[in-house]
Undergrad: 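The structure follows.
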Amino acid sequence: MPLQIYNSLNRQKQEFKPIKTNEITMYVCGPTVYDLSHIGHARSAVAFDVVYRYLKYKGFNVKYTRNYTDIDDKIINRANKDGVPWNEISERYIKAFDEDMAALDVELPTFRPKATETIREMIDVIQTLISKGFAYAMDGDVYYSVRKFAGYGKLSGKNIEELEAGARVEVDERKKDPLDFALWKSSKPGEPSWPSPWGEGRPGWHIECSAMSQKFLGDTIDIHGGGKDLIFPHHENEIAQSEAATGKPFVRYWLHNGFVNIEKEKMSKSLGNILTIRDALKNYSAEAIRLFLLSSHYQSPIDYSADALKEAEAALERYYRTLERMERDWPNVANAPIPEEVKQEILKPFIHAMDEDFNTVAVKRFIFQWVNDVNSLMDFASRTGIDEEFQKTLPRAALIFKEIGGILGIFNRNWQEYFQEKKSRSRIPADEIEKLIVKRAEARTNKDFKKADDIRKELEEKGVLLEDTPKGTVWRMKI
RNA sequence: GGCGGCGUACCCAAGUGGCUAAGGGAGCAGUCUGCAAAACUGCGAUGCAGCGGUUCAAAUCCGCUCGCCGCCUCCA
């Protein structure tokens, strides 16, 4: 069963056939670094992180490029507002973005170029476009002639006549046509600038992706990703630039992720509901945020809410409790080796789900079906002893959890780590809890259940749960 | 106005032509427990926004209607 990918270019799920047999080239639009990244950036990053991990898992050598847009009007505006040099802004937020990605366990792409490191290549592409008649210089600016490119609109499904009719932005006098967009912008005194054949200036937004993609991955690439909002005009313009310049197809498969809404509303500056990754991490674990993001298909809109995140935390708790029970109570059974052919067989449903346009929701379902199965078997084994079914199933589940954990970047910690981290967030010191547990044990021995229950209730109000097990009382953090 | 998407149980969310429509959360009942918690077991859509149509067969394809959303302007 080959990998099927939904391609925005023809709005169909189609079989994925890379240009080369073993190598895949993939480009994803990275952030414009003028502010902290928000949960929407996290979704895009996590979605394509899973694509990247899965393609590697399938055995491909993936060359993955994600850029930093580190020169842009928004960066300049922010710098003016803060009264600092523009590159201080971009450096600050590149660092912040990298930290956020690391916190979310997003793997580093192969190449992470900055726009400002690729200026020379951008100028080359612009010159090619001018010499081929697709672009024209005008008083230090360079514009792309949209009407010269026959395929304009093929990605976004727009046609030029309607765009013309709907054009309502202030028309730049120097443009020959309102639809034309800037490849190069002349700079005003005091603004950041680079020398070019057209004078001092800076690149337009769209050209950087064409230049960086070409520089690091070649003229035609396998996969290009980004948020749905980038389809028009950004990706449409990238196609126009790259294909006009090289005369070759730019991208074989376009992938676009859906938005994150906040409590059913679109995130926007005007609504003031931008949720930064940092703020989300203050309330929820990175792993829960990842699970939340992967609990819907990457193309669907999703709704960030306290309920949804709590649900993700609860699911993780359930998973790690199961893992704990397996590895603590039956380590020898759980870690028994699995023959390679059995491994291939039991992984089939997961592979099949991921091959269907990265169906992470189905993968999650399988994980929890295994969770249910092993819990059921462990219940049975605790009562009546180990049987053949148990010995067969437990190591298989352990293997599946490990393999899938690597692909999703979730479910891949060990249980000690998971519970330790949660306990470290307790507002009451551990030794104080331990003391209360001893006190409660005494009360229980004396059949003073009122006192025992009061202690448990007291701790519960502070977020600590006590559980009485055959091996004594243990404590956990409430979700 | 143009383009695109969505509407599946109380909530979240898979399934996109054919076995009893996944899974999670919440709820109820039971097992276990001093009581709980966890775990397990059982219950829960005769139905997939509505109405028509195609088909031996439709949540799944087609048409219409209703509702919601995104893009068309910087935006993941």
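In what follows, chains carry the letters A, B, and so on, assigned in the order in which the sequence lines appear, proteins first and then strands, with residues in each chain numbered from 1.
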Undergrad: Looking at D454(A) and K450(A), is any side-chain nitrogen of the basic one under 4.0 Å from a carboxylate oxygen of the acidic one?
TA: yes
Undergrad: Are side-chain heavy atoms of R92(A) and F97(A) found at a separation under 4.5 Å?
TA: no
Undergrad: For the C1' atoms, the ones on A36(B) and on A58(B), what distance do you get once it is rounded to whole angstrom?
TA: 48 Å
Undergrad: For N273(A) and C75(B), give me the distance from atom CG to atom P, rounded to whole Å.
TA: 18 Å
Undergrad: Indicate yes or no: does E442(A) engage K451(A) in a salt bridge with an N to O separation below 4.0 Å.
TA: no
Undergrad: Polar atom pairs between nucleotides 38-42 of chain B and protein, under 3.5 Å, N or O only, would you list them?
TA:
unit_1, atom_1, unit_2, atom_2, d
A38(B), O2', R321(A), NH1, 3.2
A39(B), OP1, R318(A), NH1, 3.4
A39(B), O3', N375(A), ND2, 3.3
A39(B), O2', R325(A), NH1, 3.3
A39(B), O2', D379(A), OD1, 3.1
A39(B), O2', D379(A), OD2, 3.1
C40(B), OP1, R318(A), NH2, 3.3
C40(B), OP1, N372(A), ND2, 3.2
C40(B), OP2, R318(A), NH1, 3.2
C40(B), O4', D379(A), OD2, 2.8
U41(B), OP2, N372(A), ND2, 3.4

Undergrad: I need the residues from residues 221-230 of chain A with at least one non-hydrogen atom less than 4.0 Å from RNA chain B; give them sorted by number, or say none.
TA: G226(A), G227(A), D229(A), L230(A)
Undergrad: Between E388(A) and K392(A), does at least one N-O distance fall below 4.0 Å, as a salt bridge requires?
TA: no
Undergrad: On a whole-Å scale, what distance lies between the C1' atoms belonging to G30(B) and C69(B)?
TA: 44 Å
Undergrad: Can you tell whether the side chains of D105(A) and R290(A) come within less than 4.0 Å, N to carboxylate O?
TA: no
Undergrad: Rounding to an integer number of Å, can you tell me how far F292(A) CZ sits from A76(B) C1'?
TA: 14 Å
Undergrad: Do NZ/NE/NH1/NH2 and the carboxylate oxygens of R413(A) and E287(A) come within less than 4.0 Å?
TA: yes
Undergrad: For V28(A), report the nucleic acid contact type (base, sugar-phosphate, nothing); a contact means any heavy atom under 4.0 Å.
TA: nothing
Undergrad: Taking syn as any angle within 90 degrees of 0 and anti as the rest, which one fits G47(B)?
TA: syn
Undergrad: Are E421(A) and R425(A) close enough for a salt bridge, meaning some N to O gap below 4.0 Å?
TA: yes
Undergrad: For A9(B) and G23(B), measure between their P atoms and round to the nearest Å.
TA: 16 Å
Undergrad: Can you tell me how far P in A38(B) sits from the matching atom in C75(B), rounded to whole Å?
TA: 47 Å
Undergrad: Using atom CG of L466(A) as one end and atom P of C35(B) as the other, report the distance to the nearest whole Å.
TA: 17 Å
Undergrad: On RNA chain B, does the nearest nucleotide to K447(A) precede the nearest nucleotide to V361(A) from the 5' side, or the other way round? Give the residue.
TA: V361(A)
Undergrad: Could you check whether K364(A) gets within reach of a base, just the sugar-phosphate, or nothing at all, counting any heavy atom under 4.0 Å?
TA: nothing
Undergrad: With rounding to whole Å, what would you report as the distance between A21(B) and G5(B) at their C1' atoms?
TA: 23 Å
Undergrad: Establish, from distance only, whether the side-chain atoms of N237(A) and Y152(A) form a donor-acceptor pair under 3.5 Å.
TA: yes
Undergrad: Nucleotides 6-12 of chain B: which of its N/O atoms have a protein N/O under 3.5 Å away?
TA:
none

Undergrad: Taking R78(A) as the fixed residue, which of D70(A), D35(A), D72(A) is the one that meets the salt bridge (charged side-chain N to carboxylate O under 4.0 Å, His left out) rule?
TA: D35(A)
Undergrad: Measure from the side-chain heavy atoms of H41(A) and tell me the nearest of A76(B), A14(B), C35(B).
TA: A76(B)
Undergrad: When the ring planes of H234(A) and W205(A) are compared, do they come out parallel, tilted or perpendicular, using 30° and 60° as the limits?
TA: parallel
Undergrad: May I ask you to say whether R202(A) pairs ionically with D73(A), meaning some side-chain N is under 4.0 Å from a carboxylate O?
TA: yes
Undergrad: If stacking means aromatic ring centre less than 5.5 angstrom from the base's six-membered ring centre, planes under 30°, is F368(A) stacked on G23(B)?
TA: no
Undergrad: Please determine if a side-chain N or O atom of N261(A) lies less than 4.0 Å away from the OP1 or OP2 oxygen of C69(B).
TA: no
Undergrad: P atom, G44(B) versus G24(B): distance in rounded Å?
TA: 16 Å
Undergrad: Report yes if at least one side-chain N or O of W475(A) is closer than 4.0 Å to OP1 or OP2 of A37(B); otherwise report no.
TA: no
Undergrad: So for R440(A) and G34(B), does any side-chain atom that can act as donor or acceptor lie under 3.5 Å from a complementary atom in the base?
TA: yes
Undergrad: When the nearest nucleotide of RNA chain B is assigned to T469(A) and to Y6(A) on a heavy-atom basis, which residue is associated with the more 5' position?
TA: Y6(A)
Undergrad: Name the nucleic acid region contacted by H38(A), choosing base, sugar-phosphate or nothing; use a 4.0 angstrom heavy-atom cut-off, strictly under.
TA: base
Undergrad: Does M378(A) reach a base, just sugar-phosphate, or nothing at all? Heavy atoms under 4.0 Å.
TA: nothing
Undergrad: Could you give the CG-to-C1' distance, from D453(A) to A37(B), as a whole number of Å?
TA: 12 Å
Undergrad: Do the side chains of R147(A) and E161(A) get close enough for a salt bridge, i.e. N-O under 4.0 angstrom?
TA: yes
Undergrad: Please list, for nucleotides 18-21 of chain B, all pairs of protein and nucleotide N/O atoms separated by less than 3.5 Å.
TA:
none

Undergrad: Measure the distance from CG on L316(A) to P on G25(B) and round it to the nearest whole Å.
TA: 12 Å
Undergrad: Nearest whole angstrom, please: distance from the C1' of A37(B) to the CD1 of I437(A).
TA: 13 Å
Undergrad: How far, in whole Å, is A26(B) from C19(B) if one measures between their P atoms?
TA: 31 Å
Undergrad: For C11(B) versus U31(B), give the span between their P atoms, rounded off to a whole number of Å.
TA: 31 Å
Undergrad: Mind pulling the stems RNA chain B is in, i.e. runs of at least three Watson-Crick or G-U pairs, everything under 3.5 Å?
TA: B:1-7 with B:66-72, B:10-12 with B:23-25, B:27-31 with B:39-43, B:49-53 with B:61-65
Undergrad: One thing to verify: whether K176(A) and D180(A) come together as a salt bridge, which I'm taking to mean a side-chain N less than 4.0 angstrom from a carboxylate O.
TA: no
Undergrad: What contact category does S37(A) fall into here, base, sugar-phosphate, or nothing, at under 4.0 angstrom with non-hydrogen atoms?
TA: nothing
Undergrad: In whole angstrom, give the distance that lies between atom CD1 of I455(A) and atom P of C35(B).
TA: 19 Å
Undergrad: Are side-chain heavy atoms of I479(A) and K422(A) found at a separation under 4.5 Å?
TA: yes
Undergrad: Please lay out, stage by stage, how Y6(A) and Y253(A) fare under the test ring-ring contact (aromatic ring centres under 6.0 Å, His included).
TA: CA-CA 8 Å; Y6(A) 179 88; Y253(A) 301 87; over 10 Å; no
Undergrad: To the nearest Å, how far apart are Y27(A) OH and A76(B) P?
TA: 13 Å
Undergrad: Angle class for the H256(A)/W254(A) ring planes (parallel below 30°, perpendicular above 60°, tilted otherwise)?
TA: parallel
Undergrad: Touch check for F366(A), heavy atoms < 4.0 angstrom, all strands: base, sugar-phosphate only, or nothing?
TA: nothing
Undergrad: If you look only at pairs with a residue in residues 458-473 of chain A, which of them pass as a salt bridge (Lys or Arg N to Asp or Glu O under 4.0 Å), with sequence neighbours excluded?
TA: R321(A)-E467(A), D329(A)-K471(A), R440(A)-D468(A), R444(A)-D468(A), R456(A)-D468(A), E458(A)-K462(A), E460(A)-K478(A), E467(A)-R476(A)
Undergrad: Base, sugar-phosphate alone, or nothing: which one does K266(A) contact when heavy atoms must sit under 4.0 Å apart?
TA: base
